[in-house]
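Shown next, in structure tokens, is the structure this report addresses.
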2 protein chains.
Amino acid sequence: MEQRNDSGAATMKDVADAAGVSTATVSRTLMNPEKVSSQTRQKVEQAVLDVGYFPHNLSRNFKRNESKTILVIVPDISDPFFSEVICGIENVAAQEGYLILIGDCKHQQKQEHAFINLIITKQIDGMVLLGSNIPFDASTEEQKNLPPMVMANEFTPELKLPTVHIDNLTSSFNATHYLQKLGHRRIACITGPEDMPLCKYRLEGYKKAMLRTGDKVREDYIIRSDFSHEGGAKATKRLLTMPEPPTAIFCHNDMMALGAMWQAKRMGLKLPSALSVVGFDNLKLSQYSDPPLTTIGQPRFEIGSQAMKLLLDQLQGHNINVGSCLLDADLIIRESAQAPKS
Amino acid sequence: MEQRNDSGAATMKDVADAAGVSTATVSRTLMNPEKVSSQTRQKVEQAVLDVGYFPHNLSRNFKRNESKTILVIVPDISDPFFSEVICGIENVAAQEGYLILIGDCKHQQKQEHAFINLIITKQIDGMVLLGSNIPFDASTEEQKNLPPMVMANEFTPELKLPTVHIDNLTSSFNATHYLQKLGHRRIACITGPEDMPLCKYRLEGYKKAMLRTGDKVREDYIIRSDFSHEGGAKATKRLLTMPEPPTAIFCHNDMMALGAMWQAKRMGLKLPSALSVVGFDNLKLSQYSDPPLTTIGQPRFEIGSQAMKLLLDQLQGHNINVGSCLLDADLIIRESAQAPKS
DNA sequence: TTGTACGCGTTATCAC
DNA sequence: GTGATAACGCGTACAA
């Protein structure tokens, strides 16, 4: 009933007084109820309710020297792809009492002293990297002891981090092969930034499929862009104004695929009859494009939740030598790809 | 050079020893450098570098009984509208050393013990509400002392919170009036959930404009939907199959406007000649719709940054009696609205 | 089984 | 201008 503290919150001392026991007993009751007689346990539990006690996490974390907070580094928070991944992370984190901090690194390679400070000052216990690199300089000596990390979505073998990802090469192969089965030969490809490893794999998958047919890979059909709507549109303009334009374009994410279709329609082409487009990601939006986009479906929520599980394994010291986790991604066939006219 | 601690991090004691002063002096040097002689200041600063000291924020926050963390409650993290608002919040927060925690309440009214616990356990210093309500039961006595809060984007007079918002009524009036000036009389309106106050204002603005013409407001032209693409599409289908369908639709957010255009095209209508559509929000996507969407542009980043500034005023006790902050929103004219054919 | 006593790293309040 | 010292709330050896 009483709250002694001037700050308004009941402390463990208040509970102890109310229950007529010591704070040690209160602490034990809350941490290891089995180490306390059922009598005192009941007394304490009643006292907790009476004084309205809640553990003061600030001091608990301080005492344990852990923050119960995870930093999620995301390349671009406004990219709808990541929001569902974040939900997956958050979901698992919450179950274990972890909070997540979202660090938007805005596709920058380095952000000096922005995130590293959180680590140095002990404000985070671990990190989930949604991009392909650690966005700060981790080379100096005193910064060596980085917290546990996992990588999700992206893939960087050199960093030797536990990783959750899909098989980008195979998925990309499947998408390209699907276009081939429809009868396409002149299949172009719009990929993303060179410094994103997953682009490398998606490109390889594309090339592997193209080589299967016995043809050579036409380098002029491979355009490097930036994963944006605008970038996809620009690249498409270039492709469609070539002397021998492609009959199909495989874009390495949905946003560029939407940009590609937008541009093609702008140039007066009828879709999908005059041009087939396939994307990658399966954004919610993509089912509502005109025509609905055929794309690779990524299990975004699961990518996030699996990543957090791997991180928890490290934090709680269960299975330290967990490797990577490979998730399935299926081709989702809609209407944006059809057999070519000619 | 030395790090005494077993955890690997240098503490203030280490600095004090290295500099030959007391921890009190070290603390003062870092907090109030002017209260220390320049001699000792230099000694201390050198020692800080030597031992590689960084403040241990966990204990600092514990000592000060503040978390330097803000909870941002967002109705739906995957809604692209909010990501830029969050960036605005984050930007200002970071300047003052605050972290932000993102709480996705998934449009639920109440989430028992999900967020309230963060408050009770002193893990947040303040809140920014991006929805129209406090998503937990704050009625019980011990939960009365809620931390400082501000509301952004939405507007709930009863809660008497400092609020950052645009003039939804006027903006909505302007959008409707614009359609009228183009020559439209049969203007329908697709609005959002009844429990969102901003819908009320947008609806009033629409009605005010409609009444201006001397006509009565046709209630069958007002459809209540859910701010989603799908919802906008469904509502549009209903409108367009009416005996006397509207020649223009004003949607109370962009996502529904995109859904409306999608549906209209599906039904074989040519846009914008057969149907004009105006949205509300100016999402990045909206400029790439076909036709590009005419809409109300909300200053999302500024909504966020202003909200955080109001919150800081409360946290730092500057101007406690700050009221609301009204930001401008302009009509962005693109191509989705034109004069009606007939 | 329970209580005493101490420490976590920092800051605030005193003296000097 | 500076240095002891006492908190902050919790968890846990250790003693009883």
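Note that this is a predicted model, so its numbers are computed, not measured. By convention in this document, chain letters (A, B, ...) are assigned in the order of the sequence lines, proteins followed by strands, and residues within each chain are numbered from 1.
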Whole-Å distance, B:Arg60 CZ to C:dC8 P, equals 19 Å
Just by distance, no angles: are the side chains of B:Asn61 and B:Ser67 close enough, under 3.5 Å, to form a donor-acceptor pair? no
- For A:Ser27, report the nucleic acid contact type (base, sugar-phosphate, nothing); a contact means any heavy atom under 4.0 Å. base
A correct dot-bracket answer for DNA chain C, with pairs being Watson-Crick or G-U at under 3.5 Å, [ ] for crossing pairs and | for inter-strand pairs, is ||||||||||||||||
* Asked: Under 4.0 Å between a side-chain N/O of A:Ser37 and OP1 or OP2 of C:dT2, yes or no?
  -> yes
Atom CE of B:Met12 and atom C1' of C:dA12 are separated, to the nearest Å, by 11 Å
Rounded to whole Å, the CZ-C1' distance (B:Phe62 to D:dC10) equals 7 Å
Tested for side chain to side chain contact (heavy atoms under 4.5 Å, CB included) against A:Thr69, the lone hit among A:Asp125, A:Leu99, A:Leu118, A:Ile100 is A:Leu99
According to the interplanar angle, ranging from 0 to 90°, do the rings of B:Phe62 and A:Phe62 count as parallel (below 30°), tilted (30 to 60°) or perpendicular (above 60°)? parallel
*Return no unless some side-chain N or O of B:Arg64 is found under 4.0 Å from OP1 or OP2 of C:dT11.*
yes
So CZ of A:Arg60 and NZ of A:Lys63: to nearest 0.5 Å the spacing works out to 12.5 Å
From CG of B:Asp14 across to P of C:dG9 the rounded distance in Å is 9 Å
note: B:Asn65, atom CG; C:dC8, atom C1'; distance rounded to Å ~ 16 Å
Rounding to 0.5 Å, atoms OG1 (A:Thr121) and CZ (B:Phe54) come to a distance of 9.0 Å
Inset, instruction - Establish whether the base of C:dA12 is bridged to the side chain of B:Lys63 by a donor-acceptor pair shorter than 3.5 Å. - result: no
Rounding to 0.5 Å, atoms SG (A:Cys87) and CZ (A:Phe301) come to a distance of 6.5 Å
note: B:Asn32, atom CG; C:dT13, atom P; distance rounded to Å ~ 12 Å
In terms of heavy-atom contacts, A:Ala10 and A:Gly52 come closest through CB-O, 4.0 Å
Write down the protein N/O and nucleotide N/O pairs, taken from nucleotides 3-5 of chain D, whose separation is under 3.5 Å; answer none if there are no such pairs.
| from | atom 1 | to | atom 2 | distance (Å) |
| --- | --- | --- | --- | --- |
| D:dG3 | OP2 | B:Ser22 | N | 3.3 |
| D:dG3 | OP2 | B:Ser22 | OG | 3.4 |
| D:dG3 | OP2 | B:Thr25 | OG1 | 2.3 |
| D:dG3 | N7 | B:Arg28 | NH2 | 2.9 |
| D:dG3 | O6 | B:Arg28 | NH1 | 3.3 |

Residues passing the side-chain contact (heavy atoms from CB on, under 4.5 Å) test with A:Gln39, sequence neighbours excluded, are A:Ser37
By the 4.0 Å heavy-atom rule, please label A:Val26 as base, sugar-phosphate, or nothing. nothing
A:Leu58 CG to C:dT10 C1', in whole Å, measures 13 Å
From NZ of A:Lys13 across to P of D:dG11 the rounded distance in Å is 16 Å
Between A:Asp313 and A:Lys309, does at least one N-O distance fall below 4.0 Å, as a salt bridge requires? no
